[in-house]
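Computed from heavy atoms alone, side chains included, the values below leave out hydrogens, waters and symmetry copies. One-based numbering, in listed order, for ligands and for the atoms of each.
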Amino acid sequence: MRLVLLGPPGAGKGTQASKLSQLLTIPQLSTGDMLRAAVSEGTAIGQQAAEIMQRGELVPDQLVVGLIAERIGRSDAARGFILDGFPRTVAQAESLDEVLENQELDWVLELKVDEQYLLNRILGRAMQARESGAVVRADDNEGALSVRLTAYTDQTKPLTDYYAARGLLKTIDASQTVDRVTAALVGAIG
Ligand code: AMP
């Protein structure tokens, strides 16, 4: 099954992608995770992306398209995958269509939550991480979050129309508990 998870920062994309990955035994492909790994390894891509990510802006399309195209081509993704955080622009969605050639996506799952809720979720996540001594994401702060939300509204939200026009979009209320959201997602793709 080939799935895309869409949703604003803090909607729970990563958590739900990981749950679906276990349930469906297909890999979770997160461009955010790939980019953070590139930053911490200090690769050329990481060096280009670090400051942009810290500000909460989107990194250039061609950079993430290259990463995801390579990843989708690996053998463990042959049976399907869950894209978490990609595509984020219409140009990325068009590139994904090219990468997939004649393979169609099965579903695009939009996680919907209201904005105030997101701010609390992300700032809570950062506080919890800080208290437990875990690494706090460089972009989990109020300034970067507002840039990330704007990037979502302006650049990513238009993808819902792009995929709805193809009959691929399902929208899920992501303000419920984690387990309920997972159940709703499973029901939607069932
Ligand atoms: P995420 O973990 O999905 O919230 O992504 C963290 C950051 O990585 C984003 O704020 C962007 O700076 C960058 N990023 C991740 N995925 C993409 C993408 N598909 N296109 C552009 N930038 C991305």
Task: Identity and separation of the nearest protein heavy atom to atom 18 (C) of ligand 1 - done: R88 CD, 3.5 Å
TODO: Assess R36 for proximity to ligand 1: is some non-hydrogen atom of it under 4.0 Å away?
DONE: yes
TODO: For the residue pair R71 and T31, establish whether any side-chain heavy-atom pair is separated by less than 4.5 Å.
DONE: no
TODO: Considering heavy atoms of the protein only, find what lies nearest to atom 16 (N) of ligand 1 and give residue, atom and distance to 0.1 Å.
DONE: T31 OG1, 2.8 Å
Task: Close side-chain approach of P60 and Q48, heavy atoms under 4.5 Å - done: no
Open item on the list: Between ligand 1 and G85, is the shortest N or O to N or O distance under 3.5 Å?
Closed with: yes
- [ ] Report the part of Q92 in contact with ligand 1, treating N, CA, C, O as backbone and CB onward as side chain, heavy atoms under 4.0 Å; options are side chain, backbone, both, neither.
- [x] side chain
Open item on the list: Please find the pair of heavy atoms, one from D84 and one from A17, that lie closest to each other, and give the distance.
Closed with: CB-CB, 3.8 Å
Open item on the list: If the test is side-chain contact (heavy atoms from CB on, under 4.5 Å), which one of D76, I82, L83 qualifies with P27?
Closed with: D76
Open item on the list: Test of understanding: given a 4.0 Å heavy-atom threshold, classify the contact between R137 and ligand 1 as side chain, backbone, both, or neither.
Closed with: side chain
Open item on the list: For atom 12 (O) of ligand 1, what is the closest protein heavy atom, and at what distance to 0.1 Å?
Closed with: E57 O, 2.6 Å
- [ ] Tell me which protein heavy atom sits closest to atom 7 (C) of ligand 1, plus the residue, atom name and distance to 0.1 Å.
- [x] M53 CE, 3.9 Å
Task: Listed partners of R121 passing salt bridge (Lys or Arg N to Asp or Glu O under 4.0 Å), at least two apart - done: none
Open item on the list: Suppose we screen for salt bridge (Lys or Arg N to Asp or Glu O under 4.0 Å). Which residues come up paired with R166, at least two apart in sequence or across chains?
Closed with: D97, E104
Open item on the list: If you define the side chain from C-beta out and look only at heavy atoms, does anything of D114 sit under 4.5 Å from S175?
Closed with: no
- [ ] Examine the proximity of ligand 1 to L35 and report which part, side chain or backbone, both or neither, has a heavy atom under 4.0 Å away.
- [x] side chain
TODO: Identify, for atom 22 (N) of ligand 1, the protein heavy atom at the shortest distance, and state residue, atom and that distance.
DONE: V59 N, 3.1 Å
